[in-house]
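Computed over heavy atoms, backbone and side chain alike; hydrogens, waters and symmetry mates excluded. Position 1 is the first residue of the sequence, and the numbers go up from there. Computed from a prediction, not measured in an experiment: that's the story for all the values here.
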Amino acid sequence: MPCPKVSIGAPSSEIDFSLDGKHHGYIRVPYSSHRSAYGWLPVPVMSIKNGDGPRALLVGGNHGDEYEGISILIDLYHKLSPHDIAGQILFLPAANAPAVFAGRRTSPLDHGGEGNLNRLFPGHKNGTPTEAIAWFITGLLDRVDAVFDLHSAGSSSNHWPSCKIRLTGDRAKDSMQLEFLKLFGAPLALVGDRVHETTLSGEALPKDIIYVSTELGGAGTITPWIRELGDQGLKRCLKRLGVLAGGYPTDPPQFEPRMMAMQNEENYIFAYQDGVFEPAVEIGDEVEDGQFAGYIWDVRQPWRAPAQLHFKRGGVVFTKRHPALCQIGDTLFFTLNDYQGGKAEPS
């Protein structure tokens, strides 16, 4: 018989997810490099399990420079004990670990130094490091009832805090997701009418599980009030799911969320020249159609008049570029508009 062809090795977990108690270790992602021919990359993973019950996957660091979710999840793991849990919580605080360790949105190890985990689902077990991580996380979706994917804007921009769901058409699940929007208590609550391919939300949708995401500030830093809002909002949602004990202490929601629709092309302002971006408004501001938004100053030819920016479609300023230096194609702003698509209330 011919010699069989076998896999070199897929990512594997050092911890047994079926065990009760509190456990931590690494997902080992095989990685043969010049530095270590037979090595592996560490992706931290933790589990707290106490019997049967709802199961939640908490994800931070899907993009490596989004620090609010990383902080919230590590802190929560330290504070919780198995007695606080009825079911199981899985923690991935640094999902794209190579990107997190490098302080970058994307992994420097693959895809030309731009390995974007949230553009590579469902991944491949024998793929590049980022593809292999995506493959492992996709497998975790079969173990849980809900995913909370804590994003922020990262180092290139800043977001006004929000919580987001994608309507599934399942009345019971959508009702609970709409409750999560209110319980999370961010200033904005986004109701999505579509999901994007190759993202974690795109993988979760056909799995018949709840998927909730956030945008918690950004600018490559942690803003204390936004971080606290995210921490308390997540705990309230986990209590509603039933995986966190009802008596676990939480503060009431800080905001009555404003229901918003997903953005469209007309909500964006892009740079059409290189230069220095000078904004005229801040995130959270309300702007009108056609309103002046700022300048781009030409530093190569400073005698030229600056480019004047205007909002195509007004609304709430959700995103603003953080670094002043910009290039053609960079997103400078985008706005959000009030949700108009049917009933956005729990049944």
(request) Please check if the side chain of N62 supplies one atom and the backbone of A95 the other of a donor-acceptor pair under 3.5 Å. (result) no

(request) Examine the side chains of S201 and T199 and answer whether a donor and an acceptor come within less than 3.5 Å of each other. (result) yes

(message) Can you tell me if K235 has over 12 outside heavy atoms packed within less than 6.0 Å of its NZ?
(response) yes

(request) May I ask you to check whether N267 and T335 show a side-chain donor-acceptor distance below 3.5 Å? (result) yes

(request) For the pair R236 (side chain) and L183 (backbone), establish whether a donor and an acceptor sit closer than 3.5 Å, ignoring hydrogens and angles. (result) yes

(request) Find out whether Y272 and I296 are in side-chain contact, i.e. whether some heavy atom of one side chain is under 4.5 Å from a heavy atom of the other. (result) no

(message) Under a 3.5 Å distance rule, please check whether D298 uses its side chain to pair with a backbone N or O of A305 as donor and acceptor.
(response) no

(message) Using only atom types and a distance under 3.5 Å, with no angle test, would you say the side chain of N96 pairs donor to acceptor with the backbone of G61?
(response) no

(request) Please confirm whether the backbone N or O of G314 pairs with a side-chain atom of D289, one donor and one acceptor, at under 3.5 Å? (result) yes

(request) Might you point out which heavy atoms bring E265 and F270 nearest each other, and give the distance in Å? (result) OE2-CE1, 3.5 Å

(message) Regarding R321 and D330, does a basic nitrogen lie under 4.0 Å from an acidic carboxylate oxygen?
(response) yes

(message) Strictly below 4.0 Å, N to O, side chains only: are E266 and K312 in salt-bridge contact?
(response) no

(request) With side chain to side chain contact (heavy atoms under 4.5 Å, CB included) as the test, would you mind laying out the steps for I70 and Y67 before giving the verdict? (result) CA-CA 5 Å; I70 294 171; Y67 299 111; 4.1 Å; yes

(request) Among E215, E66, E68, K164, find the one that has a side-chain hydrogen bond (donor to acceptor under 3.5 Å, both in side chains) with H151. (result) E66

(request) Check whether any side-chain heavy atom of I209 sits under 4.5 Å from a side-chain heavy atom of L57, and report yes or no. (result) no

(request) Measure across I72 and D231 and return the closest heavy-atom pair with its distance rounded to 0.1 Å. (result) CD1-N, 3.6 Å

(request) Would you check, one step at a time, whether the test side chain to side chain contact (heavy atoms under 4.5 Å, CB included) holds for D16 with H23? (result) CA-CA 8 Å; D16 185 343; H23 305 279; over 6 Å; no

(message) Checking side-chain contact (heavy atoms from CB on, under 4.5 Å) between C163 and each of L181, L150, L234, which is the one that passes?
(response) L181

(request) Look at atom CZ of R194 and say whether more than 12 heavy atoms of other residues, nucleotides or ligands are closer to it than 6.0 Å. (result) yes

(request) Rounded to the nearest 0.5 Å, what's the gap from CZ on F277 to CD1 on I269? Could you check? (result) 7.5 Å

(message) Which heavy atom of F17 sits nearest to which heavy atom of Q88, and what is that distance?
(response) O-NE2, 2.8 Å

(request) Give a yes or no answer on whether the side chain of Q340 reaches the backbone of A261 with a donor-acceptor pair at less than 3.5 Å. (result) no

(request) Could you tell me which non-hydrogen atom of L73 sits nearest to which non-hydrogen atom of L92, and how far apart they are? (result) CD1-O, 4.1 Å

(message) Can you classify the ring geometry of Y26 versus W40 as parallel (below 30°), tilted (30 to 60°) or perpendicular (above 60°)?
(response) tilted

(message) Distance check, rounded to the nearest 0.5 Å: L167 atom CG versus D193 atom CG?
(response) 8.0 Å

(message) Please give me the minimum heavy-atom distance between T130 and S107, naming the atom from each residue.
(response) OG1-CB, 3.5 Å

(message) Quick check for you: to the nearest 0.5 Å, what is the distance between F334 atom CZ and Y268 atom OH?
(response) 4.5 Å

(message) Taking I85's backbone N and O only, do any of them form a donor-acceptor pair with N50's side chain (distance below 3.5 Å, no angle check)?
(response) yes

(request) For the residue pair D174 and T168, confirm or rule out a side-chain donor-acceptor distance under 3.5 Å. (result) yes

(request) Give the ring-plane orientation class for F292 versus H310, where under 30° counts as parallel, over 60° as perpendicular and anything between as tilted. (result) perpendicular

(request) Tell me whether L19 is reachable from V144 by hopping between hydrophobic residues (I, L, V, M, F, W, Y) whose side-chain heavy atoms are closer than 4.5 Å. (result) no

(message) Looking at D208 and K173, is there a salt bridge between them, counting it only when a charged N and a carboxylate O are closer than 4.0 Å?
(response) yes

(request) Could you check I165, V212, L241 and say which one makes a side-chain contact (heavy atoms from CB on, under 4.5 Å) with M176? (result) L241

(message) Looking at D52, I'd like to know if its CG atom is crowded, meaning that more than 12 non-hydrogen atoms belonging to other residues, nucleotides or ligands lie closer than 6.0 Å.
(response) no

(message) Is it the case that the side chain of D285 and the backbone of V317 share a donor-acceptor pair, with hydrogens and angles ignored and the cut-off at 3.5 Å?
(response) no

(message) Starting from I328, can I reach L332 by hopping between I/L/V/M/F/W/Y residues whose side chains sit under 4.5 Å apart?
(response) no

(request) Work out which heavy atom in P98 is nearest to a heavy atom in P108; give both atom names and the distance. (result) O-CD, 3.8 Å

(request) Mind telling me whether F311 and F333 have parallel, tilted or perpendicular rings, with 30° and 60° as the class edges? (result) tilted

(message) So does R171 get a backbone contact from the side chain of S175, meaning a donor-acceptor N/O pair under 3.5 Å?
(response) no

(message) Counting only heavy atoms from other residues, nucleotides and ligands, does the tally under 6.0 Å from CD of Q301 exceed 12?
(response) yes

(message) Checking the side chain of R105 only, and the main-chain atoms of A99 only, is there a donor and an acceptor separated by less than 3.5 Å?
(response) no

(request) Output yes when D75 and R227 qualify as a salt bridge under the 4.0 Å nitrogen-oxygen rule, no when they do not. (result) yes

